[in-house]
Every structure is written in structure tokens, then in C-alpha cells.
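Quick notes on the structure that follows.
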Protein chains: 2
Amino acid sequence: MATRWLTDEERVAWVRLAAVLELLPGVLDGQLRRDDGLSHFEYFVLAMLSEAPDRTLRMTALAARTNATLPRLSHVVKRLEDRGLVRRFPCPEDGRATNAQLTGEGWDAVVAAAPGHVENVRASVLDALDPEQVGQLAAITGAILGRLDPDGVVLSPQRDTGSGRPAEG
Amino acid sequence: MATRWLTDEERVAWVRLAAVLELLPGVLDGQLRRDDGLSHFEYFVLAMLSEAPDRTLRMTALAARTNATLPRLSHVVKRLEDRGLVRRFPCPEDGRATNAQLTGEGWDAVVAAAPGHVENVRASVLDALDPEQVGQLAAITGAILGRLDPDGVVLSPQRDTGSGRPAEG
DNA sequence: CCTTGTTTGTTGTCGTTTCAACCAAATAGA
DNA sequence: TCTATTTGGTTGAAACGACAACAAACAAGG
């Protein structure tokens with residue numbers, strides 16, 4: 001069938017979203033690298049662990065939450081382990097599985113990095129929007145995620161918000 | 001000063017946007033790789049050339065529009081040249097500069113890839129939104145770009161929308 | 001001109017990601 | 001029980017991007 005090209009309104013929205021998609025990761029990554037010596041992905045891995053029960057997660061679960069392939073995660077966790085931020089040990093219940101656990105040092109690293117990261121998110125995104133737009137953004141991205149991730153794999157299943165502080169998603 | 005942590009509304013919006021940021025590039029890239037043998041970045045380079053006057057752009061200008069470093073672009077264009085999709089020649093007006101020009105074959109590749117890509121953009125993003133939300137998304141991303149790219153470097157300066165078809169941003 | 005400095009690209013090296021092969025534990029079937 | 005398949009994860013080689021070093025052309029002063 002004939003291609004449904006984009007209307008002018010659609011094109012503007014898409015071009016801008018594509019530009020954000022292109023620029024924002026670099027901004028997030030750059031700040032964390034500069035200030036905390038962590039890539040955004042590394043930070044994200046640590047943050048996911050920080051909000052998990054016992055600060056521990058199986059590699060497969062961690063890969064799902066971070067949208068990483070298992071090989072990629074394996075390499076990254078190895079490096080984090082070498083730096084003392086994470087420790088790995090075989091899962092007691094399943095001999096095949098490996099658990100990754102945040103060390104005290106790793107926790108400290110997340111705690112140290114979180115404020116600057118949040119500050120950056122504010123400066124780059126949230127503070128550019130009025131409260132109404134924040135709500136609209138949540139609805140819009142929610143709808144898009146309905147297409148990209150119907151089962152909500154990446155949205156860490158329920159955060160208890162009662163615990164310490166870090167995490168953020 | 002004390003960190004201003006995110007409110008619940010802000011956190012939801014941000015977590016979802018972060019998830020979109022994480023998933024969408026992979027979806028766009030995957031479709032183009034599968035169906036057209038092009039990475040999303042390669043497609044984007046070709047698309048930018050396709051809407052330039054004479055389908056030609058200087059490397060520096062192309063790098064700005066694609067938000068790439070010059071070394072990266074140089075490598076990618078070399079590969080595209082090897083595949084016959086682009087040709088390079090020294091700029092007549094400035095001996096230092098190199099022009100990249102889309103070949104006929106390159107044009108054909110963009111024309112062939114564009115419909116599937118647009119279709120994917122619709123399926124993944126636009127069709128998930130009602131018309132009102134499309135407008136909101138344009139406003140929101142516009143505001144964010146005000147922070148990320150105040151000078152509008154990546155938004156290709158004026159598209160003539162009158163020409164052939166491809167391009168898209 | 002000759003020198004200094006800046007702009008424009010390319011090339012080489014290194015770290016990271018991806019992909020394919022692999023191993024080991026668990027599970028299912030005969 | 002013994003084999004076959006599936007699941008969970010690691011490892012090594014190839015591809016790609018980032019950063020630094022470099023070469024060549026322009027520009028500005030003396």
C-alpha cells in the first residue's frame with residue numbers, strides 16, 4: 001500500500017524527538033563520566049542493583065532491566081567487579097545462575113553520583129517544562145512504551161520508594 | 001545545597017522517558033538493518049544528503065547535522081563510499097574541505113528504505129498518540145532542545161519539503 | 001614571502017559492544 | 001539412568017566509536 005508520509009505536525013514532533021534521542025544520551029553520559037568516572041550504563045546498572053532486595057540481582061534479571069544483552073552485561077559487570085563496586089557469586093537456588101551484588105563501595109559510588117545526575121536531569125529536561133507538560137510527557141511516553149515494551153520489562157517492577165535514597169530509573 | 005529530588009510526577013515522567021531513550025534507538029536501528037542493510041546512523045547520513053542542495057554537503061556540515069564527530073563521520077562515509085552509496089571529492093572553493101555527495105545508487109537506497117522507516121516511526125511512536133498529544137510532544141521536545149541544543153545545530157536549517165520525497169529528519 | 005595559528009579531514013590506537021562459539025547446570029524423555 | 005534439549009552465563013574475535021596525533025590548506029602579520 002502507499003506509504004502514509006508524515007503530516008507537518010507529525011514531522012515536527014518526530015524530528016524534535018529524534019534530536020532529543022540523539023543528544024540527551026551524550027549529555028547524561030558526559031556528566032557522569034566527568035564528575036563520577038562512570039558511564040551512564042554503568043551508573044544505571046549500579047542504580048538498578050541499589051534498589052533491588054539485598055542489593056542483589058541475577059544477571060538475566062539485571063540484563064532485562066538495563067535492556068542489555070547478556071554478553072554486554074557480563075563484560076561490564078566484570079569491569080565493575082574489578083573496580084570493587086560489584087561482587088559476583090553463584091546463585092544458591094540455581095547452579096547455572098550468577099548473582100550480582102552491590103558492594104558497600106558500589107553503594108557509596110551511587111550515592112555520590114546520584115545528586116549530580118538528578119541535577120543534570122532537571123537542568124536538561126524537567127526544568128524546561130511546566131508542571132502540566134510533565135504530566136503530558138508521562139502520558140506520551142507511557143503510550144509509546146505500550147508499543148516498545150508492552151510487558152514493561154524495563155520498568156523495574158514496583159519500586160518501594162521507602163528505602164534509603166538512590167535509584168531513580 | 002541540598003539535592004532537589006524528583007517529585008512522584010517528575011519521577012514517572014523521567015523514568016518513562018529514560019526507557020524510551022533506551023528502547024527506541026534499538027527498534028529504529030533493528031528495522032533498518034533487517035530490511036535495508038543500513039544502520040540508523042548510515043540511513044540518517046544518507047537522508048541528510050538527500051535533502052541537501054545538489055545532494056552534496058561538506059563533511060563538517062554533515063557532521064553537525066548528524067551530531068557525529070568528524071572522525072566517526074569520516075569512517076562511516078568511507079564505508080558508504082566503498083558500497084557506492086556516496087562519493088567524495090575535494091571542495092573547489094576550499095582545498096581543505098571535502099564534499100560528500102549522494103550517488104544515484106545512494107538515492108535509490110534512501111528511497112527504498114524511507115517507507116519502511118516511516119512506517120516504523122508510525123507504529124512505534126506516532127500512532128500511539130492522539131493528535132493533541134502529537135502537538136504536546138512537539139512543544140515538549142522543543143523546550144528540551146532549548147536546553148540541549150540552544151543554537152539548533154542538529155535541526156537541519158530549513159527543509160524545503162517541496163522536493164522529491166525522502167528526508168525526514 | 002615566511003611564520004604562526006586556525007580550520008578541515010584522515011589515520012591509528014584503544015576501549016567498548018556485538019556476535020558466535022562454548023561450557024555447565026538444569027530439565028525432559030525414553 | 002542416560003541422553004537430548006533448554007537455560008544461564010562466560011569468553012574471544014571482529015566491528016565500531018572516541019580520542020589523539022597528524023597532514024594539508026587557508027588566513028593574518030610582519
Side-chain angles (χ1 to χ4, degrees), chain A residues 21-34 37-46 49 56-83 85-101 153, chain B residues 21-23 25-34 37-45 49 56-83 85-101 153:
Chain A
L21 235 60
E22 182 62 40
L23 294 174
L24 193 43
V27 170
L28 298 176
D29 202 66
Q31 183 271 327
L32 284 165
R33 285 193 128 87
R34 255 194 328 277
L38 292 170
S39 72
H40 181 254
F41 181 71
E42 289 169 337
Y43 172 79
F44 198 76
V45 166
L46 298 181
L49 287 176
T56 302
L57 237 38
R58 276 156 69 145
M59 292 295 283
T60 299
L62 189 52
R65 272 170 189 61
T66 58
N67 189 41
T69 61
L70 221 29
R72 179 185 183 189
L73 183 64
S74 184
H75 282 138
V76 170
V77 168
K78 178 201 292 287
R79 278 171 241 145
L80 291 174
E81 194 173 28
D82 292 342
R83 294 166 62 179
L85 304 180
V86 164
R87 119 189 147 82
R88 262 186 305 189
F89 60 96
C91 175
E93 293 104 352
D94 188 335
R96 300 168 292 181
T98 303
N99 281 327
Q101 182 178 39
V153 181
Chain B
L21 235 59
E22 184 61 41
L23 295 174
V27 170
L28 298 176
D29 202 65
Q31 182 270 327
L32 284 164
R33 285 194 128 87
R34 255 194 328 278
L38 291 170
S39 71
H40 177 59
F41 182 72
E42 290 169 335
Y43 172 79
F44 198 76
V45 166
L49 287 176
T56 303
L57 236 38
R58 276 155 68 144
M59 291 295 282
T60 300
L62 189 53
R65 272 168 188 63
T66 57
N67 189 39
T69 61
L70 221 29
R72 179 186 183 188
L73 183 64
S74 184
H75 283 137
V76 170
V77 168
K78 178 200 295 286
R79 278 171 241 146
L80 291 174
E81 193 174 28
D82 292 342
R83 294 167 63 180
L85 304 180
V86 163
R87 116 189 149 83
R88 262 186 304 188
F89 61 95
C91 175
E93 292 104 352
D94 187 336
R96 301 167 292 181
T98 303
N99 281 327
Q101 182 177 39
V153 180

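Letters A, B, ... are given to chains in the order of the sequence lines, protein chains preceding strands, and every chain is numbered from 1. Only a predicted model underlies this, so the values are computations on that prediction, with no experimental measurement involved.
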Is there a side-chain contact between A:R96 and the phosphate of D:dT6, meaning an N or O under 4.0 Å from OP1 or OP2? no
Reckon B:T69 has a side-chain N or O less than 4.0 Å from the OP1 or OP2 of D:dA18? yes
Without decimals, in angstroms, what is the distance between [X] [atom1] and [N] [atom2]?
{"X": "A:E22", "N": "D:dG17", "atom1": "CD", "atom2": "C1'", "value": "13 Å"}
{"X": "B:L57", "N": "C:dT8", "atom1": "CG", "atom2": "C1'", "value": "15 Å"}
{"X": "B:D94", "N": "C:dT7", "atom1": "CG", "atom2": "C1'", "value": "8 Å"}
{"X": "B:D29", "N": "C:dT18", "atom1": "CG", "atom2": "C1'", "value": "12 Å"}
{"X": "A:F89", "N": "D:dG8", "atom1": "CZ", "atom2": "P", "value": "17 Å"}
{"X": "B:F41", "N": "D:dC16", "atom1": "CZ", "atom2": "P", "value": "12 Å"}
{"X": "A:N99", "N": "C:dA25", "atom1": "CG", "atom2": "C1'", "value": "15 Å"}

Are [X] and [Y] close enough that some pair of their side-chain heavy atoms sits under 4.5 Å apart?
{"X": "B:L85", "Y": "B:L38", "value": "yes"}
{"X": "B:S39", "Y": "B:D29", "value": "yes"}
{"X": "A:R88", "Y": "A:S74", "value": "yes"}
{"X": "B:R72", "Y": "B:T66", "value": "no"}

Counting any heavy atom closer than 4.0 Å, what does B:R33 reach on the DNA or RNA strands: base, sugar-phosphate only, or nothing? nothing
Assign each of B:R58 and A:E42 to its nearest nucleotide of DNA chain C by heavy atoms, then name whichever residue's nucleotide is nearer the 5' end. B:R58
Parallel, tilted or perpendicular: ring planes of B:H40 versus B:F44, cut at 30 and 60 degrees: tilted
Minimum heavy-atom distance A:L62-A:A100, with the two atoms named: CD2-CB, 4.3 Å
The correct set of residues in residues 70-83 of chain B placing a heavy atom under 4.0 Å from DNA chain C is B:L70, B:P71, B:S74, B:H75, B:K78
May I have the step-by-step check of salt bridge (Lys or Arg N to Asp or Glu O under 4.0 Å) for A:R83 and A:E42, ending in yes or no? CA-CA 12 Å; A:R83 294 166 62 179; A:E42 289 169 337; 3.7 Å; yes
